[in-house]
Novice: 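Structure in structure tokens, see below.
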Number of protein chains: 2
Amino acid sequence: MPVTIRDVAKVANVSPSTVSRVIADNPKISEETKKKVYNAMKKLNYHPNAIARSLANKSTKTLGIILPNTSEDLFMNPFFIQAMRGISVYGQKKGYYIMYSYSNNEEEEVDFISKYINSKWVDGIILLTARQNDRCISYLKEVNHPFVVIGRPENTEEILWVDNDNFKAMYDVVTHLIEKGHRNIAFIGGPHSLNVTKDRFEGYKMALQARGINIDEHMISETDFSEDRGYDAMKKILEQKIPDAVVTTDDLIAFGALKAIKEMDEKKIAVVGFNNTLLAAYQSPTLTSVDIKTERLGYRAAQLLIDKIENKETKVNHYIVETELIERESTQ
Amino acid sequence: MPVTIRDVAKVANVSPSTVSRVIADNPKISEETKKKVYNAMKKLNYHPNAIARSLANKSTKTLGIILPNTSEDLFMNPFFIQAMRGISVYGQKKGYYIMYSYSNNEEEEVDFISKYINSKWVDGIILLTARQNDRCISYLKEVNHPFVVIGRPENTEEILWVDNDNFKAMYDVVTHLIEKGHRNIAFIGGPHSLNVTKDRFEGYKMALQARGINIDEHMISETDFSEDRGYDAMKKILEQKIPDAVVTTDDLIAFGALKAIKEMDEKKIAVVGFNNTLLAAYQSPTLTSVDIKTERLGYRAAQLLIDKIENKETKVNHYIVETELIERESTQ
DNA sequence: ATGAAAGCGCTAACAG
DNA sequence: CTGTTAGCGCTTTCAT
């Protein structure tokens, strides 16, 4: 027999609704009755039943995270666990529970989302990645359920999202390299279908342009997120011309580039990675990389979503999280 | 206005209780009415409200994971995310939702647990680590709520747990090294206060003994889980005597050992790590390590817990998950 | 095989 | 400021 609000009411000599008001910290309850009720609660070791509250309130105070299907490699970078931590730090602060689910493909993701929504389990949903033409996003828009995306979605209007300023991040990296005296700077990016890649590439181009440095097509390569592809891409560039620096859009690519450069072994070429994965500090030379502050991204995502859920009329629909260049041996 | 069981009942021309029975797949409902009800559901796009069900059923079909406070370093090893994936794979198969919460210290952990339990949010709890004298475990035992521990707890009776056979894992590693011709095998372990360390150390001792090799105290060291500590420990051993192999209880320690050995640089000493972290494949030489199959641990934990929750009268209260030695250059 | 009605524990008008 | 009452949406005896 669980102790309920009625038991407390009886002991405190008040009505159940009064107890309910005390729980909700309703301002128009006299201090005296409050005390009475608290005492009764303590005496009976009462704890509100959150399920019952949720049913009556039509709100679960729960956020659902959709962990995307992704290549194993991406699991090497602590992105997910960090984002989840950030989300939970803010969520817990605001009294929210966090749920998550894994999916093997986009269809399963949509299934989980609709399950979460239809069954009324979650007040809001967090997508950990923004793809082009994302079915999760279109579904969520369609059913008009609160959600937030980590990464910049295609149509940023009417959508909550958080991301880094990828243009600026790369712009700054390249500018920094130029200031250190580098002139022939190569670029190896991930798939150009991703917004991230495009943005970072633009940053690269603009930074060179701003300093009056011509862009050399031979120094630009697009490839996949893997060490091997990075290695191949670097090799190809080296066959054309020896740069004095190379920027990449991912640490994995940078690892491959480092390897290719080491094999040449004559020249000192600066290398910069992206995402500051754990392995970056373990390369030789240790790899300079851009930290994208994943935990912060998660934190901000939760904040945006919870504000929306609670109808805080903030005008912002996105946050930009600052990146940080972590300099290591590869650019010394 | 959400569509409820009453709406469906009306359209299907049956009573709400009948609809409820159809949802629960109650056997004594005629095929005919079932069909009628299903049609009505489809027509109205009805989805059961899980909260209301939970309230009536006194069961949420939700599992709660307690992510322990832990040093940042441990986050480098993908233990948590992998275990969480295993848990969710089994949980989702059984129709369970998964929640998690981060804590900064043991007290907070207990707080979250009691919050989960008192508010009736979860049917069962999963602890991702087993400490000595664990307050979470004693609390959970006290309130007698279903839970499972990853790692072997102190008192294994009346507790659900999953773990590797750490004794056997290390026994096999050492035996393997002996068979490869090594005789002077050093041991560097983590804190001896942990069961894991003790078990692995026993495995080391027994394997040597079984092959009639004497144990040399100079070859045994206990330290903390960090590269630096591993380095120091290895240095100290090397000052005494040069082994031809060294086993460790963690990759981080092994990394340090590798470094110390490289500095000596004259001798080829085999090194074995534990946990097969992502960095293992990135050391030079690449590090041989024992894969503890974390995802499997999570999967089994969920299985054990859900069986308990659903009162499946299985006699087992634990699972042992097999480990696998991943051989790389460090033992070639 | 199906329906009526009470209840899971809490909240929110409305009334006073 | 506090009590009464009617739900929130579903399940489950107990009848029939």
Side-chain angles (χ1 to χ4, degrees), chain A residues 1-38 40-41 44-62 95 97 115-123 310, chain B residues 1-38 40-41 44-62 95 115-123:
Chain A
M1 268 297 88
V3 22
T4 78
I5 216 172
R6 311 186 83 82
D7 303 319
V8 177
K10 226 164 271 173
V11 171
N13 245 307
V14 294
S15 78
S17 36
T18 301
V19 178
S20 171
R21 289 187 182 102
V22 172
I23 293 171
D25 203 31
N26 188 314
K28 40 187 170 185
I29 292 283
S30 75
E31 282 306 316
E32 206 180 343
T33 39
K34 262 189 194 172
K35 232 159 242 166
K36 271 200 302 186
V37 171
Y38 282 133
M41 285 180 178
L44 297 175
N45 189 28
Y46 167 79
H47 292 277
N49 181 320
I51 304 296
R53 295 194 75 191
S54 296
L55 182 59
N57 283 329
K58 295 172 170 326
S59 151
T60 55
K61 288 260 205 178
T62 300
Y97 296 98
K115 197 173 133 205
Y116 275 153
I117 295 179
N118 288 326
S119 69
K120 305 285 191 309
W121 257 121
V122 305
D123 290 349
E310 299 183 347
Chain B
M1 268 298 88
V3 22
T4 78
I5 217 171
R6 312 184 82 83
D7 303 318
V8 177
K10 224 163 273 172
V11 170
N13 244 306
V14 295
S15 77
S17 32
T18 301
V19 177
S20 171
R21 288 186 183 105
V22 172
I23 293 171
D25 204 31
N26 187 314
K28 40 187 170 185
I29 291 283
S30 75
E31 281 305 317
E32 207 179 341
T33 38
K34 261 190 194 170
K35 232 159 243 165
K36 272 199 301 185
V37 172
Y38 281 133
M41 287 181 177
L44 298 175
N45 189 28
Y46 167 79
H47 292 277
N49 180 319
I51 304 295
R53 295 194 75 189
S54 295
L55 181 58
N57 284 329
K58 297 170 168 327
S59 152
T60 56
K61 287 257 200 181
T62 299
K115 198 173 132 207
Y116 275 154
I117 295 180
N118 289 326
S119 69
K120 305 286 190 311
W121 258 120
V122 305
D123 290 348

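What's counted below: heavy atoms across the whole structure, side chains too, no hydrogens, waters or symmetry copies. Numbered from 1 within each chain, the chains take letters A, B, ... in sequence-line order. Quick caveat: nothing in here was measured; it's all calculated off a predicted structure.
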Novice: Which residues pass the side chain to side chain contact (heavy atoms under 4.5 Å, CB included) test with A:Ser20, sequence neighbours left out?
Specialist: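 A:Ile5.
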Novice: Using the test side-chain hydrogen bond (donor to acceptor under 3.5 Å, both in side chains), find all partners of A:Thr33 that sit at least two apart in sequence or belong to another chain.
Specialist: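 Expected list: A:Ser30.
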Novice: Do the rings of B:Tyr116 and A:Tyr97 sit parallel, tilted or perpendicular, given the 30° and 60° boundaries?
Specialist: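 B:Tyr116 and A:Tyr97: parallel rings.
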Novice: Please identify each residue that fulfils side chain to side chain contact (heavy atoms under 4.5 Å, CB included) with B:Ala40, with sequence neighbours left out.
Specialist: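 B:Ala40: side chain to side chain contact (heavy atoms under 4.5 Å, CB included) contacts with B:Val8, B:Val11, B:Ala12.
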Novice: If the condition is side-chain hydrogen bond (donor to acceptor under 3.5 Å, both in side chains), which residues does A:Asp123 pass it with, not counting sequence neighbours?
Specialist: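 For A:Asp123, the residues satisfying side-chain hydrogen bond (donor to acceptor under 3.5 Å, both in side chains) (neighbours in sequence not counted) are A:Ser59, A:Thr60.
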Novice: With sequence neighbours excluded, what pairs up with A:Ser54 under the side-chain hydrogen bond (donor to acceptor under 3.5 Å, both in side chains) test?
Specialist: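 Testing A:Ser54 for side-chain hydrogen bond (donor to acceptor under 3.5 Å, both in side chains), a comparison that skips the adjacent residues, returns none.
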Novice: Give me the first and last nucleotide of DNA chain D, going 5' to 3', that has any atom under 4.0 Å from a heavy atom of chain A.
Specialist: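 Endpoints of the contacted stretch of DNA chain D: D:dC1 to D:dG9.
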Novice: Classify the nucleic acid contact of B:Ile29 as base, sugar-phosphate or nothing, counting any heavy atom under 4.0 Å across all strands shown.
Specialist: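 Result for B:Ile29 = sugar-phosphate.
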Novice: Closest heavy-atom contact between A:Ile51 and A:Trp121?
Specialist: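 Distance-wise, the nearest heavy atoms are CD1-CH2, 4.4 Å.
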Novice: Can you tell if the side chain of A:Met41 reaches within under 4.5 Å of the side chain of A:Val19, non-hydrogen atoms only?
Specialist: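 In short, these two side chains touch, coming nearer than 4.5 Å.
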Novice: With sugar-phosphate meaning primed atoms plus P, OP1 and OP2, does A:Lys120 contact a base, only sugar-phosphate, or nothing at under 4.0 Å between heavy atoms?
Specialist: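 No contact at all - A:Lys120 keeps every heavy atom at 4.0 Å or more from the nucleic acid.
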Novice: With a non-hydrogen cut-off below 4.0 angstrom, is B:Ser54 in contact with a base, only sugar-phosphate, or nothing?
Specialist: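 Result for B:Ser54 = nothing.
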Novice: If the helix axis at each end comes from five base pairs, how far does the helix from C:dA1-D:dT16 to C:dG16-D:dC1 deviate from straight, to 10°?
Specialist: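 The angle, to the nearest 10 degrees, is 30°.
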Novice: Just to verify, what does A:Lys34 make a side chain to side chain contact (heavy atoms under 4.5 Å, CB included) with, not counting sequence neighbours?
Specialist: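 In terms of side chain to side chain contact (heavy atoms under 4.5 Å, CB included), with neighbours along the sequence ignored, A:Lys34 is linked to A:Val22, A:Asp25, A:Ile29, A:Glu31, A:Tyr38.
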Novice: Just jot down the salt bridge (Lys or Arg N to Asp or Glu O under 4.0 Å) partners of A:Lys120, sequence neighbours excluded, or say none.
Specialist: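 A:Lys120: no salt bridge (Lys or Arg N to Asp or Glu O under 4.0 Å) contacts found.
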Novice: Tell me the closest heavy-atom pair linking B:Pro48 and B:Arg53, and the distance in Å.
Specialist: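 Result for this residue pair: CB-CD, 4.2 Å.
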Novice: Got a sec? Which of residues 17-28 of chain B come in under 4.0 Å of DNA chain D, heavy atoms?
Specialist: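 By residue number: B:Ser17, B:Ser20, B:Arg21.
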Novice: For the pair A:Val37 and A:Arg21, evaluate side chain to side chain contact (heavy atoms under 4.5 Å, CB included) and give the outcome as yes or no after the intermediate values.
Specialist: CA-CA 10 Å; A:Val37 171; A:Arg21 289 187 182 102; over 6 Å; no
Novice: Please list, chain by chain and in numerical order, all residues satisfying side-chain hydrogen bond (donor to acceptor under 3.5 Å, both in side chains) with B:Ser17, sequence neighbours excluded.
Specialist: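 B:Ser17: side-chain hydrogen bond (donor to acceptor under 3.5 Å, both in side chains) contacts with B:Ser15.
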Novice: Extract, from 5' to 3' on DNA chain C, the first and final nucleotides lying under 4.0 angstrom from some heavy atom of chain A.
Specialist: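 Span of nucleotides near chain A: C:dG9 to C:dC14.
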